[in-house]
Amino acid sequence: MTGPTELAERFGTPSYVYDLDRVAAARDDLFAALPDEVELFYAAKANPHPDLLRELRSGGARGCRAEISSVGELDAVLEAGFAGERILYTGPGKTGAELTEALTRGVRLFSTESPGDLRRVGETALRLGLTADCLIRVNNADGAAATSIRMTGVPSQFGFDSETLPGLAAELRDVPGTSIAGLHFFPLSNAKDEASLIAEFRHTIAAAADLQHTLGVPFRFLDIGGGFAAPYAVRGERPVFGELRAALADALDEHFPGWREGAPRVACESGRYLVADSGTLLTTVVNVKDSRDHRYVVLDAGINTFGGMSGLGRIMPVSVEPHQSAGAVGTPASLAGPLCTPGDLLGRNVVLPDVAPGELLTVPNAGAYGPTASLLMFLGRPAPAEIVVRGDELVSVSRIEHTRTYEHGQAL
Ligand SMILES: *Cc1c(COP(=O)(O)O)cnc(C)c1O
């Protein structure tokens with residue numbers, strides 16, 4: 001039995017429940033929304049739980065590749081069975097030590113963010129007698145869509161400013177230990193609708209074609225990014241992208257006529273779309289408190305448990321669903337966590353029925369940016385249990401442990 005009440009009784013709260021059937025459905029839906037030839041990277045940072053990684057990898061030809069940005073994520077995806085050649089290593093602060101680890105363990109494709117980053121990848125590869133395939137990540141001077149989280153067109157630690165590439169082309173083509181494989185774009189997250197997503201992809205593909213000309217290397221690989229939206233901690237369904245497949249094929253036909261034959265291979269990326277709706281956060285009301293004219297519902301889950309976004313100062317419109325209270329309307333309340341900081345709020349002015357201590361609440365669509373995006377260690381509470389189910393079947397129950405390791409005269 002895998003209902004929230006039973007799982008909460010058996011494993012306690014706060015806890016997350018992830019349903020692998022829903023992960024598989026999201027993976028299949030997203031692949032179906034893309035042309036057959038387009039590959040898909042799963043950004044492990046959205047949720048690196050081993051069972052979810054395995055589910056996303058499986059699916060045969062329509063299984064995801066992995067996008068990672070640390071040795072911890074490298075461990076996780078290798079453990080989940082991703083082969084080295086299926087991995088893309090990204091990030092603005094790749095050190096020589098982590099690059100050595102990645103190259104030694106079979107990763108060959110790297111996204112590079114600056115001339116210095118590219119040179120470091122090259123030096124590391126050279127020392128190992130290898131050549132690294134490098135994507136030039138592009139911070140485009142302009143974009144097409146109005147989105148929630150825009151990442152290009154402004155100064156950034158991410159990507160080469162597109163306007164600098166003409167002057168850098170000769171230097172970039174010639175970095176020992178590297179081979180320019182193509183470009184990487186990630187202009188936006190969480191596009192507001194399919195039309196803006198398509199507009200952004202069209203813009204990206206046209207810009208990529210121009211840059212291929214500028215850089216003077218035929219691209220073997222083109223990662224055009226993502227932006228696939230998903231409801232996050234509020235009720236709702238994953239969007240359906242009915243027009244995307246044809247629109248992408250059309251833009252690629254126009255700008256990269258060889259793409260269907262793999263010249264270049266084309267990939268998209270996603271985190272939240274693939275895992276957000278698989279997850280539910282279970283939390284128990286610890287206390288209800290009225291202060292002046294405001295109500296606080298104090299939960300056992302705070303930004304230590306579900307803090308990905310509120311930890312960054314963005315309080316989300318979290319919706320909670322009580323499991324026992326009847327009655328639709330209550331008093332608008334702040335949802336506070338148990339931590340000793342006024343910043344421990346999961347929501348403000350959340351309207352829920354009058355709830356009582358001991359009551360179980362659930363937060364829907366909480367499968368992305370959960371425990372590992374939270375302030376897990378702040379105030380020393382245990383990490384939430386993570387319960388994995390497949391429909392009615394219980395698959396695994398685990399908890400991240402943090403322990404202090406002492407150095408005894410050696411580097412850790
Ligand atoms: C975070 C990230 C993603 C995943 O973003 P979502 O909005 O969760 O899909 C994909 N690519 C890159 C480069 C990222 O940094």
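- For Phe241 and Tyr273, the distance between ring centers is under 6.0 angstrom.
- Separating the SG atom in Cys64 from the CZ atom in Phe31 is a distance of 4.5 Å, to the nearest 0.5 Å.
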Please determine whether side chain to side chain donor-acceptor pair (under 3.5 Å) holds for the pair Thr283 and Asp300, giving the CA-CA distance in whole Å, both sets of side-chain angles, and the decisive distance to 0.1 Å.
CA-CA 6 Å; Thr283 174; Asp300 61 2; 2.7 Å; yes

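- Checked against side chain to side chain contact (heavy atoms under 4.5 Å, CB included), Asp250 has the following partners two or more places apart in sequence or in another chain: Arg202.
- Side-chain contact of Thr131 with Ser179: a donor-acceptor pair under 3.5 Å is absent, judged by distance alone.
- A donor-acceptor contact closer than 3.5 angstrom is absent between the side chains of Ser114 and Asp117.
- If you take CD on Glu393 and OG1 on Thr2, they are separated by 9.5 Å, rounding to the nearest 0.5 Å.
- Salt bridge absent: Arg65 and Asp223 never bring a charged side-chain N and a carboxylate O closer than 4.0 Å.
- Between the side chain of Asp344 and the main chain of Ala336, no donor-acceptor pair closer than 3.5 Å is present.
- Salt-bridge check for Asp19 with Arg390: failed, with every basic side-chain N at 4.0 Å or more from each acidic carboxylate O.
- Asp277 places no side-chain N or O within donor-acceptor distance of the main-chain N or O of Asn365, the cut-off being under 3.5 Å.
- How far CD of Glu55 is from CG of Leu274: 11.5 Å, rounded to the nearest 0.5 Å.
- Minimum heavy-atom separation, Tyr16 to Gly370: OH-CA, 3.5 Å.
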For side-chain contact (heavy atoms from CB on, under 4.5 Å), just list the numbers for Asp28 and Arg62, CA-CA rounded to whole Å, side-chain angles, deciding distance to a tenth of an Å, and then say yes or no.
CA-CA 7 Å; Asp28 293 350; Arg62 318 243 73 191; 5.6 Å; no

Kindly list each side-chain donor-acceptor pair under 3.5 angstrom involving residues 206-215, sequence neighbours excluded, with atom names and distances?
residue : atom : partner : partner atom : Å
Gln212  : OE1  : Phe219  : N            : 2.7
Thr214  : OG1  : Asp210  : O            : 3.0

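- In this structure, the side chain of Asn304 engages the main chain of Gly302 through a donor-acceptor pair within 3.5 Å.
- A donor-acceptor contact shorter than 3.5 Å links the side chain of Thr112 to the backbone of Leu135.
- Put simply, the side chain of Arg245 gets close to the backbone of Leu34: a donor and an acceptor are under 3.5 Å apart.
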Passes side-chain contact (heavy atoms from CB on, under 4.5 Å), Thr5 versus Glu9? Steps please.
CA-CA 6 Å; Thr5 310; Glu9 267 165 25; 3.8 Å; yes

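- The two atoms that bring Ala368 and Phe306 nearest to each other are O-CE1, 4.3 Å, heavy atoms only.
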List the steps and the verdict of side-chain contact (heavy atoms from CB on, under 4.5 Å) for Thr331 and Asp290.
CA-CA 10 Å; Thr331 316; Asp290 290 319; 5.8 Å; no

Start with the C-alpha gap between Glu39 and Arg265, add the side-chain angles, then the distance that decides, and say whether salt bridge (Lys or Arg N to Asp or Glu O under 4.0 Å) holds.
CA-CA 8 Å; Glu39 303 177 28; Arg265 285 158 70 188; 2.9 Å; yes

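- In this structure, Ser189 and Arg272 approach most closely via the heavy-atom pair OG-NH2, 3.7 Å.
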Thr284 and Thr13: CA distance, side-chain angles, deciding distance, side chain to side chain donor-acceptor pair (under 3.5 Å) verdict:
CA-CA 6 Å; Thr284 303; Thr13 64; 2.5 Å; yes

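- For the atom pair OG1 of Thr90 and CZ of Phe158, the computed distance is 8.0 Å after rounding to the nearest 0.5 Å.
- Side chains of Tyr89 and Glu98: a donor on one and an acceptor on the other come within 3.5 Å.
- The CG atom of Leu40 sits 8.5 Å away from the CG atom of Leu56 when rounded to the nearest 0.5 Å.
- Nearest heavy atom pair, residue Pro187 against residue Glu200, reads CB-OE2, 3.3 Å.
- For Phe186 and His184, the ring centers sit 6.0 Å or farther from each other.
- Val266 has its side chain out of reach of Phe221: every pair of non-hydrogen atoms, C-beta onward, lies at least 4.5 Å apart.
- The closest donor-acceptor contact from the side chain of Lys94 to the backbone of Ser111 lies under 3.5 Å.
- Applying the 6.0 Å contact sphere to CD of Glu79 captures no more than 12 heavy atoms from other residues, nucleotides or ligands.
- Here the shortest heavy-atom pairing between Ala249 and Arg260 reads CB-NH2, 3.7 Å.
- For the residue pair Ser396 and Asp51, a side-chain donor N or O sits within less than 3.5 Å of a side-chain acceptor on the partner.
- Side chain of Glu359 to backbone of Ala356: a donor-acceptor contact under 3.5 angstrom is found.
- Remark: Arg220 engages Asp133 in a salt bridge, criterion side-chain N to carboxylate O under 4.0 Å.
- Under the side chain to side chain contact (heavy atoms under 4.5 Å, CB included) criterion, Phe11 pairs with Leu7, Ile387, Leu394, Val397, sequence neighbours left out.
- Between His49 and Tyr18, the two ring planes are perpendicular [angle over 60°; tilted spans 30° to 60°].
- More than 12 heavy-atom neighbours from other residues, nucleotides or ligands sit within 6.0 angstrom of CD on Glu163.
- Between Glu85 and Arg108 there is no salt bridge, since no side-chain N of the basic residue sits under 4.0 Å from a carboxylate O of the acidic one.
- Remark: Glu171 engages Arg119 in a salt bridge, criterion side-chain N to carboxylate O under 4.0 Å.
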Derivation and outcome, side-chain contact (heavy atoms from CB on, under 4.5 Å), residues Leu52 and Ser278
CA-CA 9 Å; Leu52 273 63; Ser278 75; 4.2 Å; yes

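- Looking at Glu254, its side chain never comes within 3.5 Å of a backbone N or O of Ala251 through a donor-acceptor pair.
- Taking all atoms of both residues into account, the shortest heavy-atom contact from Ala229 to Ala191 is CB-O, 3.3 Å.
- Within the 3.5 Å criterion, the main-chain N or O of Phe160 finds no donor-acceptor partner in the side chain of Arg137.
- For Arg86 (side chain) and Ala66 (main-chain N/O), no donor-acceptor pair under 3.5 Å exists by modelled atom type.
- Aromatic pair Tyr42/Phe82: ring centres not closer than 6.0 Å.
- We find that Arg105 and Glu101 are joined by a salt bridge, their nearest charged nitrogen and carboxylate oxygen being less than 4.0 Å apart.
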